[in-house]
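Model, not experiment: these values are computed from the prediction. Just so it is clear: chains get the letters A, B, ... in the order the sequence lines come, proteins before strands, and each one is counted from 1.
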Amino acid sequence: MLGVTPVKQGLHQKKEGTYIRGVTPLMRELKKNKILFLMLIPALVYILIFNYIPLSGLLVAFKKYTYADGIFGSPWVGLDNFKFFFMSGEAWTVTRNTLVFNTIFLVVGTIFDVLAAVLVSEMSGKYFKRLCQSFMFLPFFMSWVIVGSIVYNMFNYEYGVLNTILRFFHIQPIDVYNMPKAWYFILPAFSIWKNIGYNSIIYITAIMGINPEIKEAAEIDGANIFLRIRHITIPHLKPTIIIMTLLAVGRILRGNFEMFYQLVGTSSRLFEHTDIIDTYVFRSMISGTDFGMVSAAAFYQSILCFVIIVFVNWCVKKYEPDYALF
Amino acid sequence: MNKIKAVDKIVFNVISKAVIGFISLVCLIPFIMVISGSISEESEILRNGYSLLPRGFSLDAYQFIVQNPRSILNAYGVTIFVTFTAIVMALFLISMTAYVLYRKDFKYRNTFSFIFYFTTIFNGGLLPTYIMMVSYLHLKDNILALILPNLINVFFLLVMRSFISGTVPESIIESAKIDGANDFYIYWKIILPLIKVGLITIGLFEAVGYWNNWVNAMLYINDKRLYPLQYVLYQLLQSTQAYAQSMADTGGSGVQLPSETFKLSMTIVTTGPIILAYPFLQRYFVQGVTIGAVKG
C-alpha cells in the first residue's frame with residue numbers, strides 16, 4: 001500500500017509562510033496552496049458557466065423574452081408570466097401529477113426495494129442469488145428510449161404482446177393509450193422495474209453492515225428467521241430508508257423527465273393525468289412558444305424544490321441531526 | 001430445537017426464492033420479448049401481433065440494417081466519440097477537484113465543497129441551461145453540446161472525495177510534501193494510481209449515462225451527422241417509414257423494410273454493447289453503488 005512512487009527531491013521547494021503575514025487570510029491561503037487553487041479552477045469555471053450564470057436565466061420569468069434582446073435586454077413584465085401560467089390551469093394539473101407520481105414511486109418503490117434487499121441477503125444459494133441480482137440490475141443500464149421501445153412492444157394496440165395475449169383468450173383488446181388511469185400502474189411498474197436492482201444494492205450493503213453477532217445471539221435465543229428480520233434487519237435499515245426518503249422528498253417536485261417523455265410521449269389524451277412539470281416545460285420549450293411562461297413554470301419549480309429541501313433538512317436537523325443532508 | 005430452526009429457514013428460502021425469482025423474470029422478460037420480436041417474421045407480426053416467443057424466424061430486419069449501415073455506423077461513431085471524450089474529461093475534472101476538496105490542509109475546502117453541493121439543491125432547471133448553451137455559447141449543432149452539459153456530476157464528485165479519503169492515508173501526502181513534491185505532482189503520480197478502482201467505477205457510470213443520453217441531442221442537434229445512437233433509435237420509434245427512407249437514401253436496398261420488427265432489431269443493435277459488456281463489468285457497478293451508499 002505504501003509503496004509510493006518515489007518522489008523527486010527538490011521540486012518546488014520553497015520557504016513559505018512567515019513573510020506574507022498581514023495579507024488577508026484568503027490571500028495567504030492562495031499563496032500557500034497556489035497549485036491546489038489552480039487545480040480547482042477548471043471545475044469552478046465549469047459550474048460557474050453551467051450552473052451559476054444560468055441562474056440569471058430565471059429572470060426571464062419576469063420578462064417578455066425575445067431571442068434578439070436576450071435575457072438582459074428583454075423588457076420587464078412583472079408577474080404577468082406567472083399569472084398566465086397559473087390562469088391557464090396547467091399549473092395545478094402538472095404540479096398535482098408530479099406530486100402524485102413521485103409519491104407513488106417513493107412509497108411503492110421503497111417497499112419493493114427493501115423487500116428485494118431483505119430476501120436476497122437472507123436467502124441461501126450463492127449462484128441463484130447472483131444470477132437473480134444480475135437480472136434485476138440489468139434494466140438500470142437501459143436508456144429510457146429502449147424502455148420506450150419495450151412499452152411500445154407490450155402495449156401497442158395493434159401488435160402489442162398484451163393484446164396478443166388478450167386475443168388468445170378471446171378478450172376484447174385494450175388501448176392503454178386511451179386509458180389515462182392505467183398509467184398510474186404502468187409508470188410506477190416501470191419505475192420500480194428499472195431501479196430495483198440499483199436501490200436494492202444500497203439496502204443490501206446496509207444489511208451486510210449489521211454486526212453478525214446480533215443475529216447469532218438472536219438465533220441462539222430461539223428467534224426464527226422471520227422474527228430476526230422483523231426485529232433486527234428492518235430496524236437496522238431505518239437510517240438508510242430515512243436518508244433515501246429524504247433525498248426523494250427533496251426532489252418530489254422534479255419529475256423523471258426521461259421516463260415520462262419516452263413512455264407517454266406525445267399521447268396528449270393522457271396528459272390530463274400524466275403531464276408533469278418537467279415534460280410541460282420541455283414541450284413548451286422546444287415548440288418555442290412563450291419563453292416567459294415556460295420560465296415562470298421553471299422558476300416556480302426551482303423555488304419550490306429549494307424551499308422543500310431546506311425545510312425538510314431543517315426538520316431533520318431538529319429531530320435527528322445525524323441524518324441531515326447539509 | 002434444531003428441527004424448528006431448519007423449518008423456518010426452509011420456509012423462508014422457498015418464499016424468497018419464489019419472490020426473487022419472479023422479480024428477476026419480470027426484469028428479464030421484456031428483453032426476451034424484444035429479442036423474439038426482432039427475429040420474428042414481419043407478416044406473422046402483422047397478422048397476429050407480438051408474442052413472448054418469436055413468430056416464425058426471419059433476420060430480414062437485421063439484414064436491412066446491415067445493408068444500410070451508414071447512418072447507424074455514423075451514430076455509433078458519434079456515441080463512441082462522445083462517451084469516450086466525456087469520460088476522460090469528467091474523470092480528470094472530478095478526480096482532480098475531489099483531491100483538492102479532500103486535502104485537509106486546504107483551508108477553504110468546505111466552502112468550495114458547498115459551492116459545488118449547492119448546485120444540487122438549487123438549480124434553474126433545463127431552460128436557463130438551454131438559453132446559455134444556445135444563445136451565449138452558440139453550441140447548437142456542435143458535438144460539444146453532447147459532451148458539456150452535466151459533465152461534472154456533483155454526486156460523483158462527493159463520492160470520489162469520500163473514496164479518496166477512505167483509500168489514501170493522510171501520511172502519504174505529508175511524506176510526499178516533505179520530499180518536495182508539488183500538489184499537482186502528488187495528484188498525478190500518487191493519488192491517481194491509488195484510486196484506480198474509484199475511477200473505473202465512476203467512469204463506467206458516466207459511460208452508461210453518456211451512452212444512453214438522447215435529451216442533449218434532442219435539444220441541441222439538428223444535423224443528422226451528429227445524431228447519437230439513442231436519438232437515432234428514438235426518431236425511428238417515432239416514425240419507422242420516414243426514418244427508413246433516410247437510412248436507405250444512398251441507393252436501392254435489397255430487402256423490403258420490415259417496419260415492425262425493424263424497430264425492435266434497432267433496439268437490440270443500439271443496446272448490444274451494454275448487454276455484452278454487462279456480465280464482465282457488473283461487479284464494478286455493484287461496487288460503485290456501494291461506494292455511493294456509504295456516503296448516503
Side-chain angles (χ1 to χ4, degrees), chain A residues 4-5 7 9-13 29 33 35-36 39-40 42-43 46-47 51 54-55 57-58 70 116 119-120 123-124 132 134-136 138-139 141-143 145-146 148-150 152-153 159-161 163-164 193 198 201-202 205 224-226 243 281-282 285 294-295 298 301-302 306 309 326, chain B residues 8-9 12-13 16-17 19-20 23-24 27-28 30 33-34 37 45 49-51 93 96-97 100 103 106-107 119 121-129 131-132 135 152 172 176 179-184 189-190 208 212 214 230 233-234 237 260 264 267 271 274 278 282 286 289-290 293 296:
Chain A
V4 177
T5 338
V7 177
Q9 292 260 328
L11 249 175
H12 285 263
Q13 232 168 24
E29 182 69 15
N33 284 324
I35 296 175
L36 288 180
M39 289 169 76
L40 203 54
Y46 178 88
I47 59 157
N51 292 94
L55 287 183
L58 289 173
L119 294 182
V120 166
M123 81 189 194
S124 62
C132 285
S134 299
F135 290 158
M136 277 160 49
L138 189 61
F141 299 97
M142 300 300 126
S143 78
V145 181
I146 306 277
S149 163
I150 289 171
Y152 169 83
N153 180 240
Y159 315 120
V161 174
N163 283 341
T164 307
W193 177 79
Y198 183 95
I201 291 173
I202 294 177
T205 313
N224 69 30
I225 191 159
F226 298 100
I243 289 180
V281 167
F282 186 83
M285 202 175 90
V294 182
S295 356
Q301 185 189 29
S302 286
F306 183 66
I309 198 165
F326 49 87
Chain B
D8 76 80
K9 277 207 175 128
F12 178 82
N13 263 313
S16 62
K17 280 190 178 154
V19 173
I20 294 298
I23 296 179
S24 315
C27 286
L28 199 62
M33 289 189 322
V34 172
I45 299 291
Y50 290 112
S51 165
L93 286 172
M96 188 164 74
T97 312
V100 176
R103 284 283 298 263
F106 185 57
K107 204 172 159 194
T119 63
I121 54 176
F122 188 72
N123 63 69
L126 201 55
L127 186 85
T129 313
I131 297 177
M132 184 76 186
S135 304
I152 296 186
I172 290 189
D179 286 345
N182 76 36
D183 292 322
F184 186 78
K189 289 280 176 178
I190 300 173
V208 173
N212 284 341
W214 53 276
Q230 299 298 328
L233 179 66
Y234 170 71
L237 293 173
E260 281 304 315
L264 301 185
T267 306
T271 330
I274 291 188
Y278 175 66
Q282 194 201 354
V286 174
V289 185
T290 318

So how far is it from [X] [atom1] to [Y] [atom2], rounded to the nearest 0.5 Å?
X       : Y       : atom1 : atom2 : value
I35(A)  : R103(B) : CD1   : CZ    : 9.5 Å
S302(A) : L126(B) : OG    : CG    : 10.5 Å
F184(B) : L36(A)  : CZ    : CG    : 11.5 Å
S24(B)  : L138(A) : OG    : CG    : 11.0 Å
F122(B) : L58(A)  : CZ    : CG    : 5.5 Å
L119(A) : I20(B)  : CG    : CD1   : 4.5 Å

When heavy-atom pairs shorter than 4.5 Å are enumerated against chain B, which of [options] gives the highest number?
options                         : answer
P139(A), G148(A), S134(A)       : S134(A)
N51(A), T164(A), N163(A)        : T164(A)
I309(A), I225(A), V281(A)       : I225(A)
P42(A), A43(A), G57(A), A116(A) : A43(A)
Y152(A), F135(A), Y159(A)       : Y159(A)

Between [Y] and [X], is there a side-chain heavy-atom distance shorter than 4.5 Å?
X       : Y       : value
F12(B)  : N224(A) : no
L264(B) : S149(A) : yes
N33(A)  : K107(B) : no
Y234(B) : S143(A) : no
K17(B)  : C132(A) : no

Take the angle between the ring planes of Y278(B) and F141(A) and call it parallel below 30°, perpendicular above 60°, tilted in between.
tilted
Under 4.5 Å from a heavy atom of chain A, the part of [X] involved:
X       : result
I274(B) : side chain
S135(B) : side chain
V208(B) : side chain
I152(B) : both
M132(B) : side chain
N13(B)  : side chain

By a 4.5 Å heavy-atom criterion (distance strictly below it), what part of [X] contacts chain B: side chain, backbone, both, or neither?
X       : result
N153(A) : both
F306(A) : both
Y198(A) : both

So, for [X] and [Y], which heavy atoms are closest and what is the spacing to 0.1 Å?
X      : Y       : result
M39(A) : M96(B)  : O-CE, 3.2 Å
P54(A) : T129(B) : CB-N, 4.1 Å
L55(A) : G124(B) : CD2-N, 3.5 Å

Among the options V34(B), T119(B), I23(B), pick out the one with the most heavy-atom pairs lying under 4.5 Å from chain A.
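Option with the top pair count is T119(B).
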Give the member of V286(B), V100(B), T271(B) that has the highest number of heavy-atom pairs under 4.5 Å with chain A.
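Looking at each of V286(B), V100(B), T271(B) in turn, V100(B) comes out on top.
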